[in-house]
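Have a look at the structure below before the remarks.
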Amino acid sequence: MSRRLLVLGSTGSIGTQAIDVVGRSDDLEIVGLSAHSAWEALVEQAVAHGVRRIALADPDAAARAAEAWTDGEVLSGPDGLVRLVVESGADIVLNALVGSAGLGPTVAALGEGIDLALANKESLVVGGELVTQLAEATGARLLPVDSEHAALHHLLRAVPAGSLERITLTASGGPFRGRSRDELADVTVEEALAHPTWSMGGKITIDSATLMNKGLEVMEAHHLFGVPYEKIEVVVHPQSIVHALVETVDGAQLAHLGLPDMRIAIAYALHHPELADLPTRRLRLAELGRLEFEPVDEEAFPCLRLARQAAQAGGTAPCILNAANEVAVHAFLEGRLAFLGIPEVIDATLQEVPAGPVEAFESLYEADHAAREAARRIVERLGERAAARGGAGEL
């Protein structure tokens with residue numbers, strides 16, 4: 001019997017690759033799809049896969065979709081996304097939404113006891129222990145879709161209880177690996193979006209360029225696997241062949257290797273505990289020749305340090321960091337903030353907005369709102385300062 005799958009963020013990079021994985025499987029059936037605003041692509045997917053219910057986070061896009069597509073139901077806005085989750089009858093939800101907007105559907109899926117394949121790392125960064133506690137309370141499985149965390153999930157199955165010494169996440173280094181802080185002052189949006197290894201959406205690609213993506217993944221690993229922050233390391237590995245490593249107490253290390261292809265991680269989550277047969281390119285080490293590793297330059301890429309500091313502070317600090325990062329990245333993509341302004345906005349926001357305890361999900365929404373307002377003010381101040389100095393390069 002096929003498992004019923006709901007894909008949130010189906011028109012994005014992860015979503016489209018997930019649909020490719022589903023198309024190669026007899027065990028999965030798509031019962032719902034969602035997107036932010038790409039209504040034409042979403043309707044096309046719905047027609048192709050016989051889906052009768054979709055949701056669009058953008059109300060204007062939802063209205064246009066409902067007018068053009070009369071063969072099914074179109075839900076609208078954040079509430080529509082949650083309705084799509086709780087009323088879908090899905091056995092598993094793939095959350096491939098971008099940013100903190102993914103938290104609500106994550107809570108909805110886990111609250112209903114639905115297995116969750118999670119590509120939206122912000123759900124764990126922002127929700128942390130509340131999200132994992134909810135999964136434990138309802139019995140829903142929380143399965144990571146990130147290549148690094150899928151690798152860790154796979155590796156840790158071979159580690160006996162009490163035998164874990166350390167885990168290592170690898171980072172490609174992004175398009176600016178090897179550059180000094182001074183050399184990053186004038187980089188353009190086009191340069192930052194030119195990732196050397198992975199094809200991803202704009203926000204995630206910029207996070208990779210600043211290494212904030214890796215900071216968020218450190219938090220994600222902490223919550224997924226219960227590993228203390230001091231036992232989570234990050235190393236730069238430009239080939240993106242080794243996705244993660246696990247060290248055991250005897251000094252041995254287990255590594256998960258493979259050519260970069262997100263379908264491997266997606267299929268791992270959707271078919272777990274089985275492994276799917278995929279038409280991926282196969283790794284030949286002799287053809288590759290060598291693997292390179294180097295430490296992270298936290299002076300040039302301070303976002304990783306800021307993420308670790310917020311993680312260690314706990315409470316609403318990771319939520320504040322995430323909100324400030326989303327505002328700063330958006331401003332950079334619009335040309336209102338320089339690349340080095342991204343960590344400056346995050347740092348200033350963390351100093352301006354006090355972190356507090358997380359007593360309920362409402363605490364997170366309040367912290368997110370306060371952080372976004374503060375980050376927007378800081379972006380404006382930096383813009384005014386740059387204008388006074390005579391150039392965007394000063395942002």
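This structure is a prediction, so every number in the text was calculated from the model and none was measured. Hydrogens, waters and symmetry mates play no part in the numbers below; they use all other heavy atoms, side chains included.
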**Request:** Please confirm whether the backbone N or O of Ala108 pairs with a side-chain atom of Glu112, one donor and one acceptor, at under 3.5 Å?
**Result:** no
**Asked** Taking only residues two or more places apart in sequence or in another chain, which ones pass side-chain contact (heavy atoms from CB on, under 4.5 Å) with Asp79?
**Response** none
**Request:** Start with the C-alpha gap between Arg385 and Glu344, add the side-chain angles, then the distance that decides, and say whether salt bridge (Lys or Arg N to Asp or Glu O under 4.0 Å) holds.
**Result:** CA-CA 13 Å; Arg385 189 180 73 186; Glu344 187 173 353; 3.2 Å; yes
**Request:** For Glu334 and His330, test the side chains for any donor-to-acceptor distance below 3.5 angstrom and give the result as yes or no.
**Result:** yes
**Prompt:** To the nearest 0.5 Å, how far apart are CG in Leu291 and NE2 in His237?
**Reply:** 5.0 Å
**Request:** Check the pair Asp20, Arg24 against salt bridge (Lys or Arg N to Asp or Glu O under 4.0 Å), reporting the backbone distance first and the verdict last.
**Result:** CA-CA 7 Å; Asp20 178 76; Arg24 302 175 188 279; 3.1 Å; yes
**Asked** Within the side chain of Ser10, is there an N or O that forms a donor-acceptor pair under 3.5 Å with the backbone of Ser34?
**Response** yes
**Prompt:** If you take all heavy atoms of Ala331 and Val379, which pair is closest and at what distance?
**Reply:** CB-CG1, 3.9 Å
**Item:** Shortest non-hydrogen contact from Leu81 toward Ala55
**Value:** CD2-CB, 3.9 Å
Considering only distance and modelled atom types, tabulate donor-acceptor pairs under 3.5 Å from the side chains of residues 131-145, sequence neighbours left out.
residue, atom, partner, partner atom, Å
Thr132, OG1, Glu129, O, 3.0
Thr138, OG1, Leu110, O, 2.7
Thr138, OG1, Leu134, O, 3.1
Arg141, NE, Asp115, OD2, 3.1
Arg141, NH1, His272, O, 3.3
Arg141, NH2, Asp115, OD2, 3.3
Arg141, NH2, His272, O, 3.4

**Message:** Between Ser163 (side chain only) and Val159 (backbone N and O only), is there a donor and an acceptor less than 3.5 Å apart?
**Reply:** no
**Message:** So, using salt bridge (Lys or Arg N to Asp or Glu O under 4.0 Å) as the criterion, who are the partners of Arg177 when residues are at least two apart?
**Reply:** Glu294
**Message:** Is there a salt bridge (Lys or Arg N to Asp or Glu O under 4.0 Å) between Glu373 and Arg376? Walk through the geometry before answering.
**Reply:** CA-CA 5 Å; Glu373 291 297 311; Arg376 291 186 185 106; 3.2 Å; yes
**Request:** Fit a plane to each ring of Tyr268 and His154, take the angle between them on a 0 to 90° scale, and name the class: parallel (under 30°), tilted (30 to 60°) or perpendicular (over 60°).
**Result:** parallel
**Asked** Taking all atoms of both residues into account, what is the closest heavy-atom pair of Phe176 and Phe301, and its distance?
**Response** O-CZ, 3.4 Å
**Prompt:** How long is the gap from CG on Leu169 to NE2 on His243, to the nearest 0.5 Å?
**Reply:** 12.5 Å
**Fill in**
Between the CH2 atom in Trp69 and the CD atom in Glu40, the distance rounded to the nearest 0.5 Å is 14.5 Å
**Request:** Let me see the working for Leu216 and Leu321 under side-chain contact (heavy atoms from CB on, under 4.5 Å), right down to the final yes or no.
**Result:** CA-CA 10 Å; Leu216 301 181; Leu321 170 122; 4.1 Å; yes
**Prompt:** Between the side chain of Thr349 and the main-chain N/O of Arg372, is any donor-acceptor distance below 3.5 Å?
**Reply:** no
**Prompt:** With distance as the sole test, does Ser208 use its side chain to make a donor-acceptor pair with the main-chain N or O of Ile204 at under 3.5 Å?
**Reply:** no
**Message:** Using modelled atom types and a 3.5 Å cut-off, is there a donor and acceptor pairing between side-chain atoms of Arg308 and backbone atoms of Gly215?
**Reply:** no
**Item:** Atom pair CD1 (Ile342) and CG (Leu337), whose distance is rounded to the nearest 0.5 Å
**Value:** 6.0 Å
**Request:** Could you check Val242 against Thr168 for side-chain contact (heavy atoms from CB on, under 4.5 Å), going step by step and ending with a plain yes or no?
**Result:** CA-CA 10 Å; Val242 179; Thr168 300; over 6 Å; no
**Complete:** Rounding to 0.5 Å, atoms OG (Ser100) and CD (Glu326) come to a distance of 4.0 Å
**Request:** Look up atom CG in Asn95 and atom CD1 in Ile114, then write down how far apart they are to the nearest 0.5 Å.
**Result:** 12.0 Å
**Asked** Can Ser180 and Asp182 be counted as having a side-chain donor-acceptor contact under 3.5 angstrom?
**Response** no
**Message:** Show, in sequence, the C-alpha distance, side-chain angles and deciding distance for Lys203 and Glu122, and conclude whether the side-chain contact (heavy atoms from CB on, under 4.5 Å) test is met.
**Reply:** CA-CA 12 Å; Lys203 194 267 181 183; Glu122 290 85 357; 3.1 Å; yes
**Message:** Do the side chains of Lys214 and Glu217 get close enough for a salt bridge, i.e. N-O under 4.0 angstrom?
**Reply:** yes
**Main-chain N/O of Glu148 paired with Asp146 side-chain donor or acceptor, under 3.5 Å** = no
**Message:** Keeping Arg166 on the side-chain end and Glu247 on the backbone end, is there a donor-acceptor pair under 3.5 Å?
**Reply:** no
**Prompt:** Between Pro354 and Thr316, which heavy-atom pair has the shortest distance, and what is it?
**Reply:** O-OG1, 4.4 Å
**Request:** Output, in order, the C-alpha distance, side-chain angles, deciding distance and verdict of salt bridge (Lys or Arg N to Asp or Glu O under 4.0 Å) for Arg381 and Glu352.
**Result:** CA-CA 14 Å; Arg381 288 204 300 264; Glu352 185 171 322; 3.7 Å; yes
**Which atom of Glu183 lies closest to which atom of Gly178, heavy atoms considered** = OE1-O, 4.2 Å
**Request:** Without swapping roles, check the side chain of Thr248 against the backbone of Leu164 for a donor-acceptor pair under 3.5 Å.
**Result:** no
**Request:** Take Leu130 and Leu364 through the side-chain contact (heavy atoms from CB on, under 4.5 Å) test and state the conclusion after the steps.
**Result:** CA-CA 10 Å; Leu130 293 181; Leu364 299 173; 4.2 Å; yes
